[in-house]
Amino acid sequence: MGITVDAKGPYINFHFGTAYVSESLKAAVRPGYGSLPKKETRVVLEHTSANPNGPLHVGHIRNSIIGDTLARAFRKAGYRLEVQYYVNDMGRQIAIVAWGFEHLDSAHVAGEKEDAHIARVYIAANREIDKDPSITQQVDRLMQLVESGDSETVKKFQREVSRCLDGFAVTLKALNVQHDRFVWESDFIRNGDTRRVISRIEKLPQARHDETLALDLEEFGFKNPYVIRRSDGTSVYAARDLAFHFWKAANFDRVIDVLGADHKLIAAQLQCTMKLLGQKAPEIVHFEFVSLPEGSMSTRAGKFVSADDLITEVRKRAFDEVTARRPELDEGVRTAISQSVALAAIRYDIVKVSPEKSTVFDWKEALNFERQSGPYLQYAHARACSILEKAGQFTECYDLETDQEIALAKKIAKFPVVIDRVVTELHPHLLATYAHELADTFNTFYHFEPVLKSEGTVRDRRLTLVSAMQNTLKETLLTLGIDAIRTM
RNA sequence: GCCUCGGUAGGGUAGUGGACAUCCUAGAAGCCUCCGGAGCUUUUGACCCGGGUUCGAAUCCCGGCCGAGGCGCCA
């Protein structure tokens, strides 16, 4: 009854007997199915970390959704996980924002979201700089003041950055994306970590002391020097990033960063340098860019589709859809359902594509709730819930017979393997593919095999199967950060 | 110019060495006697090009072409 094996041509076929499938099903009806054994490994996962100079756009949230889905998968796989957002509070872009608030008409407009306000000032300041390049010197001055710890300027930077982060928090909450800790880049200057890392780098044989301090990584295939310190003595982003990763390497067993494709080179240089310093190098999940049909996005040029606009539009469309289907429900209930549906649509649409594929943002796809979409998955779940509710009490039965039953049970049994693959391969889209396969298999089963209308042990075993499917799909959706609503 | 990542039916997409290449969309034909049709069935249609490795390549290697991203004091 277990697993039988035979050879056919060049293939070895394993036949999973009913005993094997039954065991899996018994686990699948229990709460928390798919969770792997607890591990002692401490993992730190950094994602999103967008510069606080304007609202999150549809490119940034690809990072957020890939990162948050991975985070959920790691927790499901039993790891001790901390999720971090690295706040860039001392870059040139923030200095430009600070300059803009000081020199331009930057009053807050009533009803304007904080991050949108920052973007408006940032875009205006860039326009001024284009007109009068000498402003750059004033911006440089601000950066030097921050690096030297001038409290007035530091406060000014942090005030604007905090406001922008408040805006991000609203967006990320709407997307069901969570961080455990916000790590501020400037802390690595203040606590001396950056200085200490630089002094270690100075001692490396690859160090080059000209006006700048840089590493010559040509032996590792990097043509250009990796600059650590500017000629005016201030540190560059790379130096603080090294300090940050030093700290992560010291406190965690596994360090994972989710970064955009534009970071490929600097991330590789960072990995290389960490190794030279005898430290654990981060594992990096790169995702390729999301562009618009008219070209690439740019915060600076004000050319982007903001995540907030996307959320608003998808929620509107979802509300109309729910209202058309369930007019009898209270408006409050319809609003709640449509928010869950919108969340599912957005997250699934983004996570289903493998990270290494560059994409073009498409409103039509984002607003589609059929078939290969998050709402389709939610619908399959809601249907299963409805069947179980109507069924009432039944006796669990694990002896399956028909092809449809067995196909569904096998799909259910695969779930823990999928969780494991997601965290070992760092491929969150596998979970999306699995969720769709599971819902598809269920829909086919549902079409051919009557559940409530069958009788005796046939009814029992099919209800058991529906129950296992509902629980498995629920766990899959939760790992995808999608609400497993019972009705919609 | 150099480096990195992609190139799978009309459009989008899964698939890192093996059995008729996944799914969505689009086109065609069906299914409301149905437990919620955001559904189901059947069907049309694809591995960029050229070499190589292998018993066997969408998958690995080399060279093209196309797309995205990057290339010392930006982040």
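Just so it is clear: chains get the letters A, B, ... in the order the sequence lines come, proteins before strands, and each one is counted from 1.
The existence of a salt bridge linking K414(A) and E437(A) is confirmed by a sub-4.0 Å separation between a basic side-chain nitrogen and an acidic carboxylate oxygen. A salt bridge links R326(A) with E328(A): at least one charged nitrogen is closer than 4.0 Å to a carboxylate oxygen. Salt-bridge check for R229(A) with E211(A): failed, with every basic side-chain N at 4.0 Å or more from each acidic carboxylate O.
Distances shown here put every side-chain N or O of Y226(A) at or beyond 4.0 Å from the OP1 or OP2 atom of C73(B). Phosphate contact (OP1/OP2 of C40(B), side-chain N/O of Y376(A), threshold under 4.0 Å): present. The shortest distance between the side-chain N/O atoms of H429(A) and the OP1/OP2 oxygens of G15(B) is below 4.0 Å. OP1 or OP2 of C24(B) sits under 4.0 Å from a side-chain N or O of R371(A). Between R92(A) and the phosphate of C73(B), there is no side-chain N or O to OP1/OP2 separation shorter than 4.0 Å.
Nucleic acid contact for R486(A): base, since at least one base atom lies under 4.0 Å from a heavy atom of the residue. Across all strands shown, D232(A) has no heavy atoms under 4.0 Å from either base or sugar-phosphate atoms. E211(A) comes within contact range of at least one nucleobase, with a heavy-atom separation under 4.0 Å. Using a 4.0 Å heavy-atom criterion, one finds that V236(A) contacts the sugar-phosphate atoms exclusively. Among the atoms of the strands shown, only primed sugar atoms or phosphate atoms (P, OP1, OP2) are found under 4.0 Å from some heavy atom of S354(A). Within 4.0 Å (heavy atoms only), I266(A) reaches at least one base atom of the nucleic acid. In this structure, E425(A) reaches neither bases nor backbone, as no heavy-atom distance under 4.0 Å exists between it and the strands shown. Residue-level contact check: A382(A) touches the bases, meaning some heavy atom is under 4.0 Å from a base atom. Among the atoms of the strands shown, only primed sugar atoms or phosphate atoms (P, OP1, OP2) are found under 4.0 Å from some heavy atom of M143(A).
A gap of 10 Å separates the C1' atoms of C60(B) and U54(B), to the nearest Å. Taking atom P in both C5(B) and G64(B), one finds a spacing of 16 Å when rounded to whole Å. When the P atom is compared between G10(B) and U22(B), the two are found 16 Å apart, to the nearest whole Å. For the P atom pair drawn from U59(B) and C24(B), the interatomic distance equals 25 Å after rounding to whole Å. Nucleotides A68(B) and C62(B) place their P atoms 24 Å apart, quoted to the nearest Å. Atom P of C47(B) sits at a distance of 12 Å from the matching atom of A21(B), rounded to the whole Å. Between A26(B) and G45(B), the two C1' atoms lie 10 Å apart (nearest whole Å). As rounded to the nearest Å, U8(B) and A58(B) have C1' atoms that lie 7 Å from one another.
Atom NZ in K364(A) sits roughly 15 Å away from atom C1' in U13(B) (whole-Å rounding). Following rounding to the nearest Å, K264(A) (NZ) and U4(B) (P) show an atom-to-atom distance of 10 Å. Distance, E147(A) CD to C73(B) P: 16 Å, rounded to whole Å. In this structure, E365(A) atom CD and G12(B) atom P are separated by 11 Å, rounded to whole Å.
Pair check for U13(B) finds none; no Watson-Crick or G-U wobble contact set falls under 3.5 Å. For C40(B), the paired nucleotide is G30(B), the pair qualifying as Watson-Crick or G-U wobble because both relevant distances are below 3.5 Å. Pairing for A46(B) is absent, judged as Watson-Crick or G-U wobble with the two contacts each under 3.5 Å. A68(B) and U4(B) make up a base pair, with Watson-Crick or G-U wobble contacts both under 3.5 Å. Here A58(B) sits opposite no nucleotide as a Watson-Crick or G-U wobble pair (both hydrogen-bonding atom distances under 3.5 Å).
Side-chain to base pairing of S386(A) with C35(B): no donor and acceptor N or O lie closer than 3.5 Å to each other. Within 3.5 Å, no donor on the side chain of T212(A) pairs with an acceptor on the base of G72(B), nor the reverse.
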Salt bridge (charged side-chain N to carboxylate O under 4.0 Å, His left out) between R459(A) and E455(A), worked out:
CA-CA 5 Å; R459(A) 186 173 189 272; E455(A) 291 174 353; over 6 Å; no

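Relative ring orientation between H47(A) and H179(A) is described as tilted, the plane-to-plane angle lying within the 30° to 60° band. Ring geometry for Y434(A) against F415(A) counts as parallel: the plane angle stays under 30°, on a 0 to 90° scale with 60° as the upper cut. Ring pair F244(A)/Y86(A) is parallel by interplanar angle, where below 30° counts as parallel and above 60° as perpendicular.
With distances taken from any side-chain atom of K357(A) to the nucleotides C35(B), C73(B), A14(B), the minimum falls on A14(B). Distance from the side chain of P225(A) is smallest for G72(B) among the nucleotides G39(B), G72(B), C23(B). When distances run from any side-chain atom of R421(A) to the nucleotides C35(B), U16(B), G37(B), the shortest one goes to U16(B). Listed nucleotides: G69(B), G15(B), C40(B). Nearest to the side chain of L430(A): G15(B).
Residue-environment remark: CZ (R141(A)) stays at or below the threshold of 12 foreign heavy atoms within 6.0 Å.
Sorted by first then second residue, the side-chain hydrogen bond (donor to acceptor under 3.5 Å, both in side chains) pairs that include residues 355-373 of chain A, not counting sequence neighbours, are R371(A)-D440(A).
A cation-pi arrangement is present between R317(A) and F369(A) under the rule of less than 6.0 angstrom and at most 45 degrees off the ring axis.
Against RNA chain B, the stretch residues 283-301 of chain A makes heavy-atom approaches under 4.0 Å through E288(A), F289(A), S296(A).
A residue-by-residue look at T487(A) and K223(A) shows that K223(A) has its nearest nucleotide of RNA chain B further toward the 5' end.
Against the 90° criterion about 0, the sugar-base torsion of G15(B) places it in the anti range.
Checking each of D483(A), I337(A), V322(A) against M488(A) for a side chain to side chain contact (heavy atoms under 4.5 Å, CB included) leaves exactly one that passes, namely I337(A).
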